[in-house]
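Presented below is the structure to which this report refers.
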Amino acid sequence: MEIKSMRFKANAEASLANVVLQGNLKNAKGKFVTKRAEAIKEIDDFEGTRDAAAAIRNKVIDNLDLWLERFETRAQETGAKVMWAKDGAEVCRLVTEIARKHGVTKVTKSKSMLSEEAGLNQALEAAGIQPVETDLGEYILQVDNNEPPSHIIAPAVHKSLDEVADLFHKVHGTPRKTEIPALTREAREVLRGHFLTAEMGLSGGNFLVAETGSVALVTNEGNGRMVTTLPRVHVVITGIEKVIPTLEDLSTLMRLLPRSATGQSISNYFSILTGVKKPEEHDGPEHLYFILVDAGRADVVGGEFHEMLRCIRCGACMNHCPVYQTIGGHAYGWVYPGPMGSVLTPLYAGIENAIDLPHAATLCNQCGVVCPVKIPLPELLRKLREKQTDAGLRPLVERIGLRVWAWVAQRPALYGLGARVGARYLKWLAGEDKSIRLLPAAQEWTNGRDFPAPQGKTFRELYAARQKSAKEAA
Amino acid sequence: MSSREDILGRVRASLHRNAGNAATAREVMAAALANRNPGPQPAVASEPRALLERFRVKSEQASSTVEIVATEAEVPAAIAKYLAAMSLPTTAVAWASLGALDWAGAGLSVEARGARDADLVGITGCFCAVAETGTLMMTSSPDTPAAVSLLPETHIAVVRAARIVAYMEDAWNLARDELGSLPRAVNFISGPSRTGDIEQTIVLGAHGPYRVHLVIVEG
Ligand code: SF4
């Protein structure tokens, strides 16, 4: 997928000005947060479970080469073929080759963010093979001119019922329906035909189990089961970081993933797929391929951002992020939005291609608190900011500004004087209504909101006064 | 250089891999693979009645309906009654493992085979069931095809009470003991298929069944 992260500021402004989008975001915001909060209450030792989950992920990532070899061996023993792809282009080439080899004309897909990374749909179409997205959210986006997803769990969260109603009326040529169940039924009927006729099914993988050589898939709609049960060929595309050791570890992670993602105790379907169909079986693919994808991951191993590889793609960090809640996912400009996207995009797509993303956060740590595998997202964002400054990627004014600030901050008397003058100036600027509509030198900030004015005295002045009165009282 | 070698080579370099640390890492790996201790689990009472009750409550929370019968012989009549009450067809596809029940005696026409698109009712058993989350564990085989619980609009599952375990980890141990290795497909099912992709409003019956009915056999 094309990287548009360099247009973050313009995209964010457009999102803020888009009335329909703002309504849709407001509607979605509370639901994920409330449901998750309810669901995690069912876990007696939630913190202990998070620690266990983080430890499972670390165990593999710390020795990823050996775990990958182990998974590969087990998967091959079950009859699967294991392939490796350095980047998105290689994913496209391999999938096209597999499709050609098996005479495939149509591919049904269950959701795969990696296929978005690779731009696989466009590549398949160019090769004359029809890709059909079958996750309802992804399907809506595909028939709307391949619009990119704006959320990793709910790809069409930015769209309203009205927009979907118009879209289906247009692309299906059916009378316009206004009820969500009726629209869902319409998509079901269209997609059933594709499920039954596609020769190849394509899925992502939530986890790869080294013990058994299996892929684990978490789904609700049943489309994941369809694409891995009905076609002759099944291709799994996953990042190399998805390996976990055992089925027990899978159970631990499953206590956290659906709860963190959608607030469910467990997803409707959870499929663990191992090898190919036996000759006497009624269903299942005759050919199973794993494509293990690097696309930037190998270089994160063992480095200062390696904790990001623990990510299990639950989406909780974006659901709880005040910035995501306000601007939605498209503004981030690539496949992964929200806090995890602001870390992943610079790492996978190049730090120079996503200058604003590490700054698209208030570092309030809501994301860090909810992350089921305890990724310290704010800390990683801060490290990325440092890296940008070190590499001279930040604007000159900002770099000089930071130097000046550092120089002043090391001189307490000067710092105190500056703060006193600043606080009084801002109080004066605010006037009667105690909030500032336009802050000179920070107009961008005040364009979207008012700046609450300081009340006149600085923290140090108040602290000194307090100490003094405490002493007098004593 | 192949992509495999390129990728693994870079991972090895990042991890400063050498013969010494590889040997240590292999030991850590073998221990992790042999470890059967579960992680932290929420409390689930293990007494049989409590397991059945929890399974029932959690299944209903996942929008399944539940009926409890005393013996297997009562299953066909119970299913016939459910189908009639829901105004559903009396023709169904079923797993071969259930083929011996007296379906005709209950007025049902049941064929034991793989599922087709036109099948409206699918009847299955299950390998076992998990009380913690109200979940069925299905293991695929020639007699237990996966599509029977997927293609029809109505899925009815027969669950033996004695096969209800507390946790998913118990289910894995049963599978290791009884099947040796995992079958092609293990499907955990918790209620009818659903989607929330339009305005986060939950709709049942996305691509799989609209309804799941569980008949639990106590005896
Ligand atoms: S970073 Fe954490 S919270 Fe965000 S998607 Fe990944 S696992 Fe979930």
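Throughout, a chain's letter reflects where its sequence line sits, starting with A, and its residues are numbered from 1.
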Just wondering, are more than 12 heavy atoms of other shown residues or ligands nearer than 6.0 Å to CD in Glu304(A)?
->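 Atom CD in Glu304(A) is crowded, with more than 12 foreign heavy atoms closer than 6.0 Å.
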
Please check if atom CZ in Arg160(B) has more than 12 non-hydrogen atoms from other residues, nucleotides or ligands closer than 6.0 Å.
->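 Open: at most 12 neighbouring heavy atoms sit under 6.0 Å from CZ of Arg160(B).
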
What part of [X] lies closer than 4.5 angstrom to a heavy atom of chain A: side chain, backbone, both or neither?
X: Asp117(B); answer: both
X: Arg176(B); answer: side chain
X: Asn173(B); answer: side chain
X: Ser2(B); answer: neither

Would you call Arg192(A) and Glu153(B) a salt bridge, taking side-chain N to carboxylate O under 4.0 Å as the test?
->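 So Arg192(A) does not pair with Glu153(B) through a salt bridge.
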
Can a salt bridge be assigned to the pair Glu132(B) and Lys58(B) using a cut-off of 4.0 Å between side-chain N and carboxylate O?
->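 A salt bridge is absent here (no side-chain N lies under 4.0 Å from a carboxylate O).
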
Count the heavy-atom pairs under 4.5 Å between each of Ala146(B), Ala171(B), Ser181(B), Ala34(B) and chain A, then report the option with the highest count.
->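 Maximum pair count with chain A is reached by Ala146(B).
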
Give the member of Asn187(B), Val11(B), Thr144(B) that has the highest number of heavy-atom pairs under 4.5 Å with chain A.
->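 Most heavy-atom pairs within the cutoff with chain A belong to Asn187(B).
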
Using side-chain heavy atoms (C-beta onward) and a distance below 4.5 Å, is [X] in contact with [Y]?
X: Val165(B); Y: Trp172(B); answer: no
X: His155(B); Y: Leu136(B); answer: yes
X: Tyr167(B); Y: Val44(B); answer: yes

Arg211(B) CZ to Ser64(B) OG distance, which is reported to the nearest 0.5 Å |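 That separation rounds to 12.0 Å.
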
Taking non-hydrogen atoms and a cut-off under 4.5 angstrom, which of residues 93-101 of chain B neighbour chain A?
->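 Residues of residues 93-101 of chain B touching chain A at under 4.5 Å: none.
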
